[in-house]
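Shown next, in structure tokens, is the structure this report addresses.
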Amino acid sequence: MNIIPYEPVIKKEDRIRLNKHKSMILWFTGLSGSGKSTLASILEEKLYCLGIRTYILDGDNIRTGLNKDLDFSKESREENIRRISEVAKLFVDAGLVVMTAFISPYRRDRYLARQLVAKEEFIEIYVRCPLKVCEERDVKGFYKKARQGMVKQFTGIDSPYEEPETPEIIIETDKITIEESVNNIISYLMIKQLIILKKETVNEYK
Ligand code: ADX
């Protein structure tokens, strides 16, 4: 390939210094209806209040733009996650905390995403919720349609979901509240010193 990447003057380390926090990928994975987008959204609000620069890449949104050419076949899902992984890597380089909320059903695709960044920059959050509960919630009505055969290759019904084996965080959304879930994630980030609360934001957070 005749390509010579250029070397920018301002680097990730400079942006991290400017932002006063590390950049990373918070990779949410789980069944449709497990609560990935909800969690990412509320977490983002909290991080924003803590002065942390964030961005959410969400399945349903990205599939109307960047990935609108993709369906739900195995190949398309792989390509979906491959593109998202590369975009998320760019966001890490841009100095942000990027949250990805995709079913991302295949272990291999999540592994490949992980390989794109440094070890401490990838935090896999398994949003675990039994299929039965997701199906009862059926927020978008897709499970009903999938059971009726009107939506094909639906994850959990006639398309597989490979559970993470060693995710950094597991959130069981059928057992704890959203508030508790988000606090658990923030606690993890603080314990690992991935985010450090500045004095002026501690009171606000409490
Ligand atoms: S992924 O499997 O490629 O990671 P992604 O997260 O982008 O999926 O999109 C999942 C969302 O698309 C679901 O939350 C649901 O709203 C919608 N959707 C539509 N058809 C399907 C399907 N066959 N399987 C799963 N999700 C579907």
Side-chain angles (χ1 to χ4, degrees), residues 24-44 54-92 96-117 121-174 178 181-182 185:
M24 69 200 87
I25 301 173
L26 302 181
W27 189 283
F28 293 83
T29 174
L31 294 172
S32 179
S34 57
K36 301 180 294 298
S37 306
T38 310
L39 275 181
S41 171
I42 295 174
L43 177 62
E44 179 169 53
T54 57
Y55 198 76
I56 296 179
L57 300 170
D58 184 276
D60 289 271
N61 296 0
I62 296 290
R63 280 178 172 279
T64 63
L66 175 66
N67 289 353
K68 68 177 171 193
D69 55 322
L70 301 177
D71 58 23
F72 289 91
S73 65
K74 185 170 193 291
E75 296 69 32
S76 280
R77 289 186 203 245
E78 280 169 10
E79 179 60 10
N80 185 33
I81 298 310
R82 189 193 69 77
R83 289 184 201 169
I84 295 313
S85 307
E86 292 289 350
V87 172
K89 180 185 173 172
L90 295 177
F91 275 96
V92 171
L96 306 187
V97 173
V98 57
M99 286 165 262
T100 61
F102 296 82
I103 297 176
S104 42
Y106 297 112
R107 226 169 261 145
R108 180 171 178 275
D109 298 339
R110 297 191 303 262
Y111 170 78
L112 293 175
R114 189 185 278 275
Q115 295 309 305
L116 290 180
V117 292
E121 290 173 336
F122 191 92
I123 294 114
E124 187 172 22
I125 303 172
Y126 177 23
V127 185
R128 187 157 75 190
C129 183
L131 176 65
K132 191 172 167 288
V133 177
C134 295
E135 210 170 338
E136 276 160 16
R137 290 180 185 162
D138 208 6
V139 189
K140 302 169 192 162
F142 285 136
Y143 281 104
K144 191 165 179 241
K145 287 189 180 150
R147 289 288 183 198
Q148 292 167 343
M150 288 156 66
V151 175
K152 304 274 185 223
Q153 297 181 305
F154 200 82
T155 310
I157 309 291
D158 54 351
S159 186
Y161 178 79
E162 298 172 358
E163 291 195 312
E165 284 169 334
T166 49
E168 276 72 14
I169 304 175
I170 299 177
I171 299 290
E172 299 190 283
T173 57
D174 62 322
I178 292 176
S181 307
V182 169
I185 299 172

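As the structure lists them, so they are numbered: ligands from 1, and atoms in each ligand from 1.
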query = Using 4.0 Å as the upper bound for N to carboxylate O, is an ion pair formed by Arg110 and Glu165?
reply = no

Contacts of Tyr106 that satisfy side chain to side chain donor-acceptor pair (under 3.5 Å) - sequence neighbours left out = none

inquiry  = If we ignore hydrogens and angles and just use 3.5 Å, is the side chain of Ser104 paired with the main-chain N or O of Thr29 as donor and acceptor?
reply    = no

note = Between Lys36 and Gly30, the two heavy atoms sitting closest are NZ-O, 3.0 Å

ask   = If you count the atoms of ligand 1 from 1 in the order shown, which ones are under 4.0 Å from a heavy atom of Gly59?
value = 6 (O), 7 (O)

request  = Enumerate the residue pairs fulfilling salt bridge (Lys or Arg N to Asp or Glu O under 4.0 Å) with a member in residues 142-159, sequence neighbours excluded, ordered by first and then second residue.
outcome  = Glu135-Arg147

key: Distance from atom 1 (S) of ligand 1 to nearest protein heavy atom, with residue and atom   = Asn80 ND2, 3.7 Å

note = Under 4.0 Å from one or more heavy atoms of Lys152, ligand 1 contributes atoms 23 (N)

key: Stepwise side-chain hydrogen bond (donor to acceptor under 3.5 Å, both in side chains) test for Tyr143 and Ser32   = CA-CA 9 Å; Tyr143 281 104; Ser32 179; 4.6 Å; no

inquiry  = Between Asp69 and Arg83, does any side-chain N to carboxylate O distance fall below 4.0 Å?
reply    = yes

query = At the 4.0 Å heavy-atom cut-off, does Lys36 count as touching ligand 1?
reply = no

Identity and separation of the nearest protein heavy atom to atom 14 (O) of ligand 1 = Lys140 NZ, 2.9 Å

key: ligand 1 versus Arg63: contacting region, heavy-atom distance under 4.0 Å   = side chain

key: Test log, rule side-chain contact (heavy atoms from CB on, under 4.5 Å), inputs Phe102 and Leu57   = CA-CA 8 Å; Phe102 296 82; Leu57 300 170; 3.9 Å; yes

ask   = Tell me, which protein residue and heavy-atom name are nearest atom 24 (N) of ligand 1, and how many Å apart are they?
value = Arg77 NH2, 3.1 Å

key: For Ile81, the ligand 1 atoms whose distance to one of its heavy atoms is below 4.0 Å   = 4 (O)

task = Test Ser85 against Gln115 for side-chain contact (heavy atoms from CB on, under 4.5 Å), laying out the working first.
result = CA-CA 10 Å; Ser85 307; Gln115 295 309 305; over 6 Å; no

key: For Ser32, atoms of ligand 1 separated by under 4.0 Å from a heavy atom   = 13 (C), 14 (O), 15 (C)

Atoms in ligand 1 with a heavy atom of Phe142 nearer than 4.0 Å = 15 (C), 16 (O), 17 (C)

key: Location of contacts on Ile103 toward ligand 1, heavy atoms closer than 4.0 Å   = both

note = Any heavy atom of Asn67 under 4.0 Å from ligand 1? The part involved is neither

inquiry  = Counting only heavy atoms closer than 4.0 Å, does ligand 1 sit against the backbone of Phe72, its side chain, both, or neither?
reply    = side chain

Enumerated ligand 1 atoms positioned under 4.0 Å from heavy atoms of Gln153 = 22 (C), 23 (N), 24 (N)

request  = Heavy-atom distances under 4.0 Å are what count here, so tell me which part of Asp60 touches ligand 1: side chain, backbone, both or neither.
outcome  = side chain

ask   = If you measure from the Lys or Arg side-chain nitrogens to the Asp or Glu carboxylate oxygens, is any gap between Asp60 and Lys140 under 4.0 Å?
value = yes

note = Near Pro105 (heavy-atom distance under 4.0 Å), the atoms of ligand 1 are 2 (O), 4 (O)

message = Does this structure show an ion pair linking Glu78 with Lys74, if we count only N-O contacts that are shorter than 4.0 Å?
response = yes

request  = Could you give me the CA-CA distance, side-chain angles and deciding distance for Glu86 and Leu116, then say whether side-chain contact (heavy atoms from CB on, under 4.5 Å) is met?
outcome  = CA-CA 8 Å; Glu86 292 289 350; Leu116 290 180; 3.8 Å; yes

message = Starting from atom 22 (C) of ligand 1, what is the nearest protein heavy atom, named by residue and atom, and what distance separates them?
response = Phe154 CD1, 3.3 Å

Thr155 neighbourhood, listing ligand 1 atoms whose heavy-atom distance to it stays under 4.0 Å = 24 (N), 25 (C)

ask   = Does ligand 1 have an atom that lies less than 4.0 angstrom from a heavy atom of Ser104?
value = yes

